[in-house]
*Asks:* 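Take a look at the following structure, please.
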Amino acid sequence: MLETLGLARMEDLYGHLPPDVLLNRALDLPAGKSEYEILDYFRARGRENAVGFASFLGAGVYCHYRPVLVDAVVSRGEFLTSYTPYQAEISQGTLTAIFEFQTMMCQLTGMDVANASMYDGSSALAEAALMAMRITGRNRVVAARTVHPEYRETLRTYGRFSGMEIEEAGYDSESGQADLTDLERRLSGDTAAVILQSPNFFGIVESVKPAAELAHRAGALLVVAFTEAVSLGLLAPPREADIVAGELQSFAIAPSYGGPFAGILACREKFLRQIPGRLAGETRDSNGNRAFCLTLATREQHIRRERATSNICTNQELIALMATVFMTVYGKRGLRELAEQNLAKAHYLGTKLKRRFTGPYFNEFVAVSSDPEGVNRSLKGRRIIGGLPLRRHYPEVEGALLVCCTETAKRADMDAVAAEMNSR
Amino acid sequence: MLETLGLARMEDLYGHLPPDVLLNRALDLPAGKSEYEILDYFRARGRENAVGFASFLGAGVYCHYRPVLVDAVVSRGEFLTSYTPYQAEISQGTLTAIFEFQTMMCQLTGMDVANASMYDGSSALAEAALMAMRITGRNRVVAARTVHPEYRETLRTYGRFSGMEIEEAGYDSESGQADLTDLERRLSGDTAAVILQSPNFFGIVESVKPAAELAHRAGALLVVAFTEAVSLGLLAPPREADIVAGELQSFAIAPSYGGPFAGILACREKFLRQIPGRLAGETRDSNGNRAFCLTLATREQHIRRERATSNICTNQELIALMATVFMTVYGKRGLRELAEQNLAKAHYLGTKLKRRFTGPYFNEFVAVSSDPEGVNRSLKGRRIIGGLPLRRHYPEVEGALLVCCTETAKRADMDAVAAEMNSR
Amino acid sequence: MIKKVRSHPTQNELLLFELSSPGKKAYQLPPLDVPAVDPAEALGEGNVRAEIEGFPEVSEVEAIRHFTRLSTWNYAIDLGLYPLGSCTMKYNPRVNEVAARTEGLEWIHPYQPDSLSQGAMEIMAALERALAEITGMDAVTLQPAAGAHGELTGIFLVRALLESRGNPRRRVLVPDSAHGTNPATVRMAGYEVEHVASNDRGMVDMAALERMVDDDVAAMMVTNPNTLGIFEDEIAGIARILHAKGALLYMDGANMNALAGIARPGDAGADAMHLNLHKTFSTPHGGGGPGAGPVAVKAFLEPFLPLPRLLRVDEGWRWDYDRLKSIGRVRAFHGNFGVLVRALAYILAHGGEGLKRATLDALLNACYLRKLLEPYYEIAYSSPSMHECVFSDRRQAALGVPTGAIAKRLIDYGFHPYTVSFPLIVHGALMIEPTETESKRELDLFADAMISIAREAEENPELVTSAPHSTRTSRVDEVAAARKPVLKWSPRG
Amino acid sequence: MIKKVRSHPTQNELLLFELSSPGKKAYQLPPLDVPAVDPAEALGEGNVRAEIEGFPEVSEVEAIRHFTRLSTWNYAIDLGLYPLGSCTMKYNPRVNEVAARTEGLEWIHPYQPDSLSQGAMEIMAALERALAEITGMDAVTLQPAAGAHGELTGIFLVRALLESRGNPRRRVLVPDSAHGTNPATVRMAGYEVEHVASNDRGMVDMAALERMVDDDVAAMMVTNPNTLGIFEDEIAGIARILHAKGALLYMDGANMNALAGIARPGDAGADAMHLNLHKTFSTPHGGGGPGAGPVAVKAFLEPFLPLPRLLRVDEGWRWDYDRLKSIGRVRAFHGNFGVLVRALAYILAHGGEGLKRATLDALLNACYLRKLLEPYYEIAYSSPSMHECVFSDRRQAALGVPTGAIAKRLIDYGFHPYTVSFPLIVHGALMIEPTETESKRELDLFADAMISIAREAEENPELVTSAPHSTRTSRVDEVAAARKPVLKWSPRG
Ligand SMILES: Cc1ncc(COP(=O)(O)O)c(C=O)c1O
Ligand SMILES: Cc1ncc(COP(=O)(O)O)c(C=O)c1O
């Protein structure tokens, strides 16, 4: 091939680059390794993390069973190694799956429209707020402090440079739900959105309906976030919301130290033109057969450039596909049964412990302890990872652990946690 | 569907069976389990076996690296969940792979024809002996005692009821090679086959050529077996043999406590009609395109019934496919380099130990020890599985371990074995 | 009208040897951590080979594309109904594949000490127990690698037993409807095959049997349900006739998918039988294996089973080699363990209830298809069908459209054909086994296709006889392949 | 003549909702080992939902067949060349997938104590080190989830820095050849976009730049090589002009596949840049993600990086949240860790030498294709190509065959099309990036196809404009899809 190009050496391929930008030495990296050495390396690193521990951590990342079908499907090269389906005629597999995903997301959330995925729940929430600003032409956002702290931090970063003003509304120290009176107090004529999360960070189910009424009365939109998608199998969907932003990690996605996950944005029909991200739509091919394609691209950066609804391009399609397979495997009854098992497990442990809040909870709750760190330390000795100490994010909630029990929680481990916490 | 059949209950589907043959109770088996419980069960069983041990066991089953591509390929449903390729027009994938497999087997063994696989090396060897009887019309077989003991046991079982008389020829207690003079002494006018294995059970390379001359002089066929396929990357192929029977486990097949593996039969052109098992052949389709199909079925049971060359039907196709991917990944240079690494590792340890035999060895050898069991016991404490004590199969070789070192053997572990064995 | 498939481009691909170019590689080995050794020195010049003539050299991406492209030329269960009669092509739960890849099961050596293999041995013991319960037999060997291997083991057992009684006898009876492996097995065990005719109900002719059984008959091999998908309802009587003359009843259990949970061969008088784990107990067929063919026997045959046997001792499981009457090994090592794991996973997933439900669904699907197709195809025998139904092509053959052509035409309709021309006693057999894992929708589509082809046979036979028309590879010339066999690639083409 | 593909039947398939029938299930949960809880009691009537309207109910075999059938409708890297310009669709070694599934990496929670996460943190630290070395920058954040997310993070950093200096400034310069994410990002960071024209060599017009840069310019986003596949050889000069006015040079590193091992943006004056790990450092694109877009910066920007940061202390790694100047998080948790594992696996496999070799092969393949196609298609700019080459459809458009039609026709020839109509400054762009993992054979077949289409454009334009002709789905009506959007399935169709 070099001959074809009339070149002598491979280096001639970049002979035209200015010498001063060239790297005149070899990269300072170890020599290439065989796949066996590479796997040994990662297995060794893996052993330096907690392996085979029982865990009661939730707080936005949940450990659920993963049906084996999920891996069987996403391992197929036709899904794994294809690009964003711009060329519809040879991408119908991905496009059909996205269309099914969008449909199931609407069925779960009660919204009219859902996109093909966002990076994660936190960036989806930030985009939802920006979306609300575009829709309302207002610039203030009121977020409940019961929204996941890292979601609020992400919101702040996105908001900081886009003229978004963010206020946080407190919560009822009894119930652990957002304090709607405080929230109402903060509404004004330039409030673009009210942001709630349900179940909230404390695991407590929020009252979406009254919040929606407050927001709408003030001419603002209600944005509802979720971090535990399994709860949608049992909880009433946030139909009263205008935009729903969520995280699908619970749908067969391994915790993987925090990613890759898949965010989702869903909204009412009328806000369709303002939703960011990819959308697959139904249409026909020239033979009249049903077909699908990416649509409404005029919202997107590659067409609209600086006037796009967002700069998002690559999203999390393969993860959304995993979630789609997960939803297919569990189906209508399975997702319900799964949610009910989560409910039962969490309430089994929840009733044994002193809980900080009284509001209804799904699969996690805040447990009070005189010595949270001490509890975790001695549980660690028994290869159990206890709950998440709330100190850092909620200094006012002293001596508390956020404890999560999914369907994978074993009774014996829960008993051990209860014994440990009640022994102090 | 029951209505369509005009039936009321599912049980009516077998209402015509005589009551006395019906099972009038439920099967005494535990209730059905979820996939999570099933995987837990097998993981628990797995932990009851040696996991993460370094192992120096060979003796017909070898631990080699498995390229990740092998699993990626055989996990594809189109290979995994298809049947024997009787319908060529929708089985060209499997048929093409078999044709490539047969070709590579011929390239490796130096034979003209290879079949699509047998159950394993031992049954392949037994079939080779039966094949030799059919070809020569004779009924005696002389097998060297250096052939894998379990292969010889299998041969005996197959031979016992088919009128085969089996004699075993001894070995040179110096070199560890088959004793050709003893072997020659046992040849007679009704010897159908002489059977050698190379490298033999002691890991020693046999001299195929002189054995072939002896056999042929007596009008018998030479059957050469192999258990360590990787050796074919480095050793001269047994061209002088008439039939080659081998085990391909070394080609990316996990030890899996002894199976499934894949046997192979290869032979000279002129014996083609007597070879058992499936054969894929090249032909054309009605458009003149190259195509492949199963061929020469008149040798097989489904056509020839009691006059078939064998009763084999289902064989080990998926395993043969794994071996095909393995051979493709390593290729011409890789298989050589792999074999040379095996040679180097075995000789590194071999030269540190007192070896029982002087013949040339590939990746295993017999090491002498005053207390083999003691050595293994203390190695086990260090999570090392030592060599195989020869006592059971070769009582005359007292105080000996059959030690194998593949490319996966780590220098430190080999040093540990050497230290342990030389310390007594 | 073809509803099930549409045409789409599939990638062409050369053979590996044609793709190959010198210097390409798809492998990398870790650096050698010991001194290299000169092969010629270590092994002797003469023992070292030259480079492997013609062996492929390709890159990693070429390798994965090669096999991925090839795979797209295959039909498979994962793509649709695969109604091969007698083959029980059911869907095999993917969890079985994951179970078989458990590290502590996949990477263990058959020679590691029993003390380090207890988990594997417990799995085998648990499977032996379950299979004994399901078949109604007393003991099970898991060593045979496939059904035919199991048959061979079974007839070896019969012969060993009879020899121990002083006379191995000479003949083994095989119904004329039997699978080819049966007679082939009989010969490999040194017996003569004697065929037993079927009666007009598609069952063993009892009168004929009475006449044939004498004390030179070693055994009879009966498949039940037989290859016509018909239950031999005289099975107990067959056993009585044989036993009265000191002969044994061997049952070919390949069709156990029709009985699991509702009837047990052991209760009906079978003395020995094999099971095809890769059929009834779900190991993906992998284009032709691997499988496993355990043999279950009554207590009096147990001493003859292949060695070693699992033995329960205080410390746990032990392999017992000390068995004087054993026929010896039928293969090296402990059997196709990976397949055994899949079978146990399947049994654990179903439980007793689930196995029976699967059986009932298998019967339902077969009877449903028979019902839909009977108006268009001639059923071979009027007796009720169990897990499969067998038609004759008489009606279509009269129009010049034999079973083989109908099969090829099914491909255009998006289905894998049924089993063609077997059993032999049926004129142009169409042998259809849907299995329990197929949905009504898939069955209805299949019936539509079959009915549409029946119509084509009348209106446009040529269309059927020249099928398939839609595949990347059109009708393959199998005659030419056999006339001058080309069984390997060679540079000159 | 079409050499690469042949037609074959592919299975049709309904949507899950159409397949669904009540009572079917593909799941089973372990029995509950604690008392069941009444949802209404625990949560309150009003909080409990009715059944999920329309949610699917299918069996396990229907589920796997559904997705397997769908998959066969896709083109993919595993099937062949995927020359999407700017997307770097290279083959991603399968070992990466295995590495990412390591139990101790896949099943760890981001909130488990640092003491139980040291392996994960070491992996991230090692990757940060490697990326800094490859880019010639001082510090790296791995938090961004994709390239565009990295851009956003990068411009946030620029703005935070400038604000800390007292004036964020108002404008960010973006070449007219830039990828759409660049201007979109600028707006999201509250800046105005100002476009910089390209000169006739397809590079930034330095004179124009001189004029535009003043102390109201915050930064310029430069892609290098740019989207024309041309190296901006004045890059150092661009940096000088910007720096002279206190503005920053942000580099879009999406095309790093053309530079790794031969040149480092940091050495050429870039202050901040992102990398698309899913392009240059190999994560399979998965039909649209996931990816990762780490941002590498010079030391003076390090204090502003998102928190938390990895901190080395005596006990090992710790997450440091105590960073006053940080812009804060750009997402929850620690980034797309699974993608980071794949990237490190790729870097470990290649090493420094291997990365350079890959870069050279990428250049070679692109230049080779350009050479073969130049006689038939009009190259957009005469400047030398790096890792991709961009043609214009002028010659074919004149015959009524625009780039979009040529792209669709490529499908009939068995290839995925190139990137169509981007960059915008090229009339009907054909943007071709073969990547280093393609073989000469595949490139030659692609060139043959392109040349054959060029001929068809002259002899039979209609054939090209009505393509594709061979796919199961013919030309899709995207206009209708956008006119009245149907974005979800509903019972009434
Ligand atoms: C009735 C019957 N018996 C025996 C066999 C042989 O089993 P295998 O193919 O596992 O050797 C089969 C398989 O085709 C069969 O259908
Ligand atoms: C030049 C360029 N910049 C930025 C991006 C955006 O990267 P991502 O898709 O990962 O967000 C792309 C990807 O298409 C690109 O090609």
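We name chains A, B, ... by the order of the sequence lines, and we start the count at 1 in each one.
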*Asks:* Can you tell me which portion of C/Tyr321 sits under 4.5 Å from chain B's heavy atoms? Options are side chain, backbone, both or neither.
*Replies:*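 Only the side chain of C/Tyr321 comes within 4.5 Å of chain B.
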
*Asks:* Taking all non-hydrogen atoms of both residues into account, name the closest pair between C/Leu32 and B/Ala344 and its distance.
*Replies:* CD2-CB, 3.7 Å

*Asks:* Does any N or O in the side chain of B/Gln92 come within less than 3.5 Å of the main-chain N or O of C/Ser71, such that one atom is a donor and the other an acceptor?
*Replies:* no

*Asks:* Which answer fits C/Pro306, side chain, backbone, both or neither, if we ask what part of it has an atom under 4.5 Å from a heavy atom of chain B?
*Replies:*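 It is neither, since no heavy atom gets under 4.5 Å.
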
*Asks:* For the atom pair CG (C/Leu116) and CG (B/Asn49), what is the distance rounded to the nearest 0.5 Å?
*Replies:* 8.0 Å

*Asks:* Who wins among C/Pro284, C/Gly180, C/Gly288 for the most heavy-atom pairs under 4.5 Å with chain B?
*Replies:*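 Highest number of heavy-atom pairs under 4.5 Å: C/Gly288.
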
*Asks:* What closest approach, in Å, do C/Phe55 and B/Gly331 show between heavy atoms, and which atom pair accounts for it?
*Replies:*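 So the two residues come closest at CD2-C, 3.6 Å.
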
*Asks:* Is C/Pro39 in contact with chain B via its backbone, its side chain, both, or neither, using a 4.5 Å heavy-atom distance?
*Replies:* both

*Asks:* Report which part of C/His278 has an atom under 4.5 Å of a heavy atom belonging to chain B: side chain, backbone, both, or neither.
*Replies:* side chain

*Asks:* Between B/Met10 and C/Leu364, is there a side-chain heavy-atom distance shorter than 4.5 Å?
*Replies:*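 Yes, their side chains come closer than 4.5 Å.
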
*Asks:* Go through the atoms of C/Ala36 and report whether side chain, backbone, both or neither lie under 4.5 Å from a heavy atom of chain B.
*Replies:* backbone

*Asks:* Quick one: what part of C/His66 sits under 4.5 Å from any heavy atom of chain B, side chain, backbone, both or neither?
*Replies:*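 Side chain of C/His66 only, per the 4.5 Å heavy-atom cut-off to chain B.
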
*Asks:* Can you name the salt bridge (charged side-chain N to carboxylate O under 4.0 Å, His left out) partners of C/Arg472, sequence neighbours left out?
*Replies:*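 Salt bridge (charged side-chain N to carboxylate O under 4.0 Å, His left out) list for C/Arg472, sorted by chain: empty.
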
*Asks:* Answer with yes or no whether the side chains of B/Thr94 and C/Asn74 bring together a donor and an acceptor at under 3.5 Å.
*Replies:*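 Yes.
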
*Asks:* Which residue out of C/Ala349, C/Gly136, C/Cys367 racks up the most heavy-atom pairs below 4.5 Å with chain B?
*Replies:* C/Ala349

*Asks:* Quick one: are C/His285 and B/Leu318 in side-chain contact, heavy atoms under 4.5 Å?
*Replies:* no

*Asks:* Name the member of B/Pro85, B/Ala26, B/Gly93 that forms the most heavy-atom pairs with chain C at distances under 4.5 Å.
*Replies:* B/Gly93

*Asks:* Considering all heavy atoms of both residues, which atom of B/Val21 and which atom of C/Ala268 are nearest to each other, and what is their separation?
*Replies:* CG1-CB, 4.0 Å

*Asks:* Show your reasoning for whether side chain to side chain contact (heavy atoms under 4.5 Å, CB included) applies to B/Phe292 and C/Val476.
*Replies:* CA-CA 8 Å; B/Phe292 301 95; C/Val476 171; over 6 Å; no

*Asks:* C/Asn336 versus B/Gln316: any side-chain heavy-atom pair under 4.5 Å?
*Replies:* yes

*Asks:* Name the member of C/Gly291, C/Gly351, C/Ala184 that forms the most heavy-atom pairs with chain B at distances under 4.5 Å.
*Replies:*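 Winner by heavy-atom pair count: C/Ala184.
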
*Asks:* Are any of the side-chain nitrogens in C/Asp33 or B/Lys345 under 4.0 Å away from the carboxylate oxygens of its partner?
*Replies:* yes

*Asks:* For the residue pair B/Asp71 and C/Arg101, what are the closest heavy atoms and their distance?
*Replies:*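 So the minimum-distance heavy-atom pair works out to OD1-NH2, 2.9 Å.
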
*Asks:* Measure the spacing between CG of C/Leu487 and CG of B/Leu272 and express it to the nearest 0.5 Å.
*Replies:*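 One finds 6.0 Å between CG of C/Leu487 and CG of B/Leu272.
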
*Asks:* Please classify the contact of C/Met188 with chain B as side chain, backbone, both or neither, using a heavy-atom distance under 4.5 Å.
*Replies:* both

*Asks:* Quick check on C/Gln112 against chain B: is it the side chain, the backbone, both or neither that has a heavy atom closer than 4.5 Å?
*Replies:* both

*Asks:* Between the side chain of C/Glu133 and the main-chain N/O of B/Asp28, is any donor-acceptor distance below 3.5 Å?
*Replies:*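 Side chain of C/Glu133 to backbone of B/Asp28, a donor-acceptor pair under 3.5 Å: yes, one is there.
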
*Asks:* Under 6.0 Å between ring centres: does that hold for C/Phe333 and B/His148?
*Replies:*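 For C/Phe333 and B/His148, the ring centres are under 6.0 Å apart.
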
*Asks:* Looking only at heavy atoms, what is the nearest atom pair of C/Pro35 and B/Arg411, with distance?
*Replies:* CD-NH1, 4.5 Å

*Asks:* Pick one of side chain, backbone, both or neither for C/Leu360, based on which atoms fall under 4.5 Å of a heavy atom in chain B.
*Replies:* both

*Asks:* Pick one of side chain, backbone, both or neither for C/Thr471, based on which atoms fall under 4.5 Å of a heavy atom in chain B.
*Replies:* side chain

*Asks:* Is C/Glu57 salt-bridged to B/Arg333, cutoff N-O under 4.0 Å?
*Replies:* yes

*Asks:* Using non-hydrogen atoms and a 4.5 Å limit, figure out which bit of C/Val341 sits close to chain B: side chain, backbone, both or neither.
*Replies:*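 Both parts, heavy atoms under 4.5 Å.
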
*Asks:* Answer yes or no: is there a side-chain heavy-atom contact under 4.5 Å between C/Tyr75 and B/Ser82?
*Replies:*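 A side-chain contact is absent here, since even the closest heavy-atom pair is not under 4.5 Å.
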
*Asks:* Mind checking side chain to side chain donor-acceptor pair (under 3.5 Å) for B/Lys380 and listing every partner two or more places apart, or none if nothing turns up?
*Replies:*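 Here the qualifying residues are C/Ser115.
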
*Asks:* Counting heavy-atom pairs under 4.5 Å with chain B, which one of C/Gly46, C/Cys87, C/Pro183 comes out on top?
*Replies:*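 Winner by heavy-atom pair count: C/Pro183.
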
*Asks:* Any donor-acceptor pair under 3.5 Å linking the side-chain atoms of C/Lys488 with those of B/Gln107?
*Replies:* no

*Asks:* Side chain, backbone, both or neither: which part of C/Val186 has an atom under 4.5 Å from a heavy atom of chain B?
*Replies:* neither

*Asks:* Is there a side-chain contact between C/Leu348 and B/Phe42 (heavy atoms, below 4.5 Å)?
*Replies:* yes

*Asks:* Hey, does B/Thr314 have a side-chain heavy atom less than 4.5 Å from the side chain of C/His149?
*Replies:* no

*Asks:* Please confirm whether B/Arg160 makes a cation-pi placement over C/Phe156, using NZ or CZ under 6.0 Å from the six-membered ring centre and within 45° of the ring normal.
*Replies:*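 Verdict for C/Phe156: no cation-pi partner in B/Arg160.
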
*Asks:* Verify the distance criterion only: is there a donor paired with an acceptor across the side chains of B/Thr154 and C/Arg329 at less than 3.5 Å?
*Replies:* no

*Asks:* When only pairs under 4.5 Å are counted, which of C/Gly354, C/Pro417, C/Gly287 shares the most heavy-atom pairs with chain B?
*Replies:* C/Gly287

*Asks:* Taking the ring centre of each residue, are C/Phe231 and B/His16 less than 6.0 Å apart?
*Replies:*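 Centroid separation for C/Phe231 and B/His16: 6.0 Å or greater.
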
*Asks:* Can you confirm whether B/Lys410 sits close enough to C/Val34 that some side-chain heavy atom of one is under 4.5 Å from a side-chain heavy atom of the other?
*Replies:*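 No; the side chains remain at least 4.5 Å from each other.
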
*Asks:* If you tally heavy-atom pairs under 4.5 Å against chain B, which of C/Val58, C/Ile155, C/Leu363 wins?
*Replies:* C/Leu363

*Asks:* Quick check: closest heavy atoms across B/Gly77 and C/Ala76, and the distance to 0.1 Å?
*Replies:*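 For B/Gly77 and C/Ala76, the tightest heavy-atom pair comes out as O-CB, 3.4 Å.
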
*Asks:* With a 4.5 Å cut-off on side-chain heavy atoms, are C/Asn92 and B/Thr81 touching?
*Replies:*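 When only atoms from C-beta onward are counted, C/Asn92 and B/Thr81 do not touch, as no gap falls below 4.5 Å.
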
*Asks:* Less than 4.5 Å to any heavy atom of chain B: does that hold for the side chain of C/Asp361, its backbone, both, or neither?
*Replies:*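 Both backbone and side chain of C/Asp361 come within 4.5 Å of chain B.
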
*Asks:* Select one option (side chain, backbone, both, neither) describing which atoms of C/Ile52 are under 4.5 Å from chain B's heavy atoms.
*Replies:*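 Answer is both: backbone and side chain atoms of C/Ile52 are under 4.5 Å from chain B.
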
